[in-house]
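Only one structure is covered here, and it is reproduced in the block below.
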Amino acid sequence: MSQGNATDYRAMWADLGLDLAKHDALLAALGQMYQDVYLSQADRPESMRYFDFVMSEVHGLRVKELLDAQAAGRRVVGTFCVFVPEELVLAVDGIAVGLCAGAEFGTEAAERYLPRNTCALIKSFFGFTLEKVCPYTAACDLVVGENTCDGKKKSYEHFGGMVKRFYLMDMPQMKSTAGRALLTGEYRRFASELEELSGREVTVEGLRRGIKTINAKRAAIRRLNQLRAADPTPISGRDALLIQQVSFYDDPVRFTGSVNAVCDELERRIAARQGTAPAGRPRILISGCPMAVPNWKLPPIVEAAGAVIVGEESCIGMRGLRNEVSTEGDTVAGLIENLVDRYFRIDCATFTPNPERIGHIREMAEELGADGVIHYALQFCSPYQIESVKVEEQVERGGVPVLRIDTDYGSEDVEQLRTRVEAFVERIAR
Ligand code: BJ8
């Protein structure tokens with residue numbers, strides 16, 4: 001992407017150790033993709049301009065903000081999973097950034113460490129780091145990995161050595177009493193790590209403030225997602241996805257205000273029956289693996305097929321947004337329990353069994369008036385690929401057709417996906 005006045009940032013990127021030639025090539029490719037996927041859309045909400053600006057500066061101004069904050073004594077913490085509580089990072093006045101990557105880059109370099117049959121998301125963050133094109137990973141004071149799927153768990157054994165400081169969070173596999181106790185212990189241990197990193201104590205006031213900030217951020221995105229129930233739907237699926245992707249990078253308070261501004265505009269659009277496509281279009285819920293920025297592969301295919309995307313049952317979507325953390329309590333331990341109350345309900349497919357997820361997909365389909373569900377799994381992602389069989393069986397039993405897609409970040413299968421999506425859209429058309 002153009003990144004504002006890129007010449008201003010070259011010294012910053014060089015200081016971060018980026019490979020400027022490769023980084024230029026990446027930004028050029030992303031800029032073109034952004035133009036094709038986003039800026040070419042007709043009749044977008046005016047308030048999306050903020051997000052266009054953020055994306056135009058995602059490797060520029062935002063990275064500079066992080067470095068300025070670091071210079072002022074704040075710490076930057078990179079994460080790969082919605083189980084890592086941003087509230088705790090804020091409690092020590094830290095800044096959390098998502099490091100998952102959504103583009104094919106540096107695959108050959110990544111495959112020096114990872115088997116070919118590793119999911120694209122893992123290969124991508126390896127590739128970005130090994131090819132020295134990710135200013136976020138380079139800027140982090142601490143990178144947090146978590147023992148979720150086997151791919152991430154084992155790949156962190158290599159990745160930990162590629163970053164300044166790495167921390168591994170253990171994760172339960174079952175929603176049992178022992179699982180909950182493990183998560184509680186891990187959140188306490190993470191709080192201590194953050195205290196040591198920042199030289200600040202996690203206090204009741206600091207943690208409560210962090211909880212309020214993140215509750216407000218999640219509430220704003222939930223509000224946005226609820227507005228997508230309208231027919232005609234007031235915002236395109238790709239714009240809604242972009243907003244949710246940006247939530248992992250932007251300053252949370254500024255981001256919340258910007259999302260609420262979009263929601264205000266969408267409410268006016270709904271009142272005027274102004275939609276991103278005419279009313280009555282087939283409505284699709286996407287469910288499955290997270291689509292990390294700049295993974296914009298599937299939404300344009302679905303929307304070009306004449307359907308509208310009304311929601312994402314994903315960690316970059318409602319799975320990562322449901323439920324508030326209570327601010328009640330007057331001890332840090334009590335507030336950490338509140339975090340566990342919320343986070344332990346996240347229905348990631350790395351848990352077994354994971355029946356809540358299917359209930360949530362059905363609930364979302366009902367609330368958003370979805371005519372069909374596209375289950376999106378990355379190839380070699382066993383948790384979501386295996387779970388997709390149950391999703392298909394049980395969601396279809398409830399009367400909502402499901403299309404299962406397994407794909408990666410490459411473009412080789414785009415035409416095949418297009419054919420399958422078009423056939424599905426035809427099948428569910430009312
Ligand atoms: S809470 S979904 S963010 S683990 S796609 S790397 S699962 S092989 S990303 Fe996730 Fe946390 Fe769960 Fe959400 Fe592994 Fe699958 Fe790859 Fe994945």
Side-chain angles (χ1 to χ4, degrees), residues 78-86 96-104 107 110-111 113-129 143-159 168-175 179 183 186-187 190 218 221 241 244-245 247-248 286-293 295 297-298 312-323 339-340 342-354 356-358 360-361 375-388 391 404-410:
T79 64
F80 294 99
C81 180
V82 297
F83 266 101
V84 180
E86 190 174 350
V97 289
L99 298 179
C100 290
E104 206 174 40
T107 306
E111 286 178 356
Y113 296 89
L114 306 168
R116 299 193 84 180
N117 58 349
T118 303
C119 89
L121 190 148
I122 297 173
K123 272 191 200 169
S124 182
F125 72 71
F126 262 69
F128 272 67
T129 302
V143 171
V144 184
E146 50 359 278
N147 284 344
T148 44
C149 64
D150 283 353
K152 278 200 201 169
K153 183 165 67 188
K154 294 306 285 182
S155 65
Y156 290 140
E157 291 177 11
H158 295 301
F159 197 73
L168 186 64
M169 183 179 281
D170 201 7
M171 284 290 303
Q173 306 270 290
M174 294 177 75
K175 299 280 174 75
L183 195 64
E186 284 299 290
Y187 283 0
F190 184 47
R218 293 199 186 108
I221 318 176
L241 174 65
Q244 298 179 87
Q245 290 173 332
S247 73
F248 290 85
I286 309 255
S287 168
C289 291
M291 292 180 185
V293 75
N295 179 358
K297 183 174 173 178
L298 185 61
E312 295 76 27
E313 187 283 316
S314 158
C315 284
I316 302 187
M318 279 305 287
R319 193 184 311 127
L321 300 168
R322 250 180 232 108
N323 305 314
L339 290 176
V340 177
R342 182 217 169 246
Y343 280 83
F344 200 50
R345 292 158 80 184
I346 296 173
D347 49 359
C348 172
T350 57
F351 279 86
T352 187
N354 189 32
E356 299 88 355
R357 178 167 167 239
I358 292 170
H360 283 141
I361 298 172
H375 190 280
Y376 168 86
L378 287 174
Q379 276 162 6
F380 313 120
C381 170
S382 308
Y384 283 90
Q385 284 185 303
I386 295 173
E387 200 162 281
S388 71
V391 170
R404 286 199 281 141
I405 281 177
D406 296 331
T407 186
D408 57 17
Y409 290 171

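Counting convention: from 1, in listed order, for ligands and their atoms alike. We use all heavy atoms of the structure for the numbers below, so side chains are in, but hydrogens, waters and symmetry mates are not. Positions are given from 1, in the same order as the sequence printed here.
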| remark: Phe380 meets the side-chain contact (heavy atoms from CB on, under 4.5 Å) criterion, sequence neighbours left out, with Asn117
| field | Expected output: side-chain Lys297 to main-chain Gly102 donor-acceptor under 3.5 Å | value | no
| task | Output yes when a side-chain donor or acceptor of Gln245 lies under 3.5 Å from a complementary backbone atom of Ile316, and no otherwise. | result | no
Hey, which atoms in ligand 1 end up nearer than 4.0 Å to a heavy atom of [X]?
X      : answer
Cys149 : 6 (S), 7 (S), 8 (S), 14 (Fe)
Cys289 : 5 (S)
Ile122 : 6 (S)
Cys119 : 5 (S), 6 (S), 8 (S), 16 (Fe)

| How far is atom 2 (S) of ligand 1 from its nearest protein heavy atom, and which residue and atom is that? | Tyr384 OH, 3.2 Å
| note | In this structure, atom 17 (Fe) of ligand 1 is nearest to the protein heavy atom Lys152 CE, 4.3 Å
| request: Identify, with sequence neighbours excluded, every residue that meets salt bridge (Lys or Arg N to Asp or Glu O under 4.0 Å) alongside Asp170. | output: none
| said: Looking at every non-hydrogen atom in both residues, tell me the closest pair between Cys289 and Leu378 and how far apart they are. | reply: SG-N, 3.4 Å
| query | Which residue, Lys152, Lys154, Lys153, forms the salt bridge (charged side-chain N to carboxylate O under 4.0 Å, His left out) with Asp150? | reply | Lys153
| said: In the structure I gave you, are the side-chain heavy atoms of Arg319 and Val82 within less than 4.5 Å of one another anywhere? | reply: no
| task | Using a 4.0 Å heavy-atom cut-off, say whether Cys381 meets ligand 1 through its side chain, its backbone, both or neither. | result | both
| message | Could you work out, with side chain to side chain donor-acceptor pair (under 3.5 Å) as the rule, every residue matching Ser388, not counting sequence neighbours? | response | Arg404
| Do the ring planes of Tyr156 and Phe125 sit parallel (below 30°), tilted (30 to 60°) or perpendicular (above 60°)? | parallel
| Atoms of the protein (N/O/S only) found under 2.8 Å from atom 13 (Fe) of ligand 1 | Cys315 SG
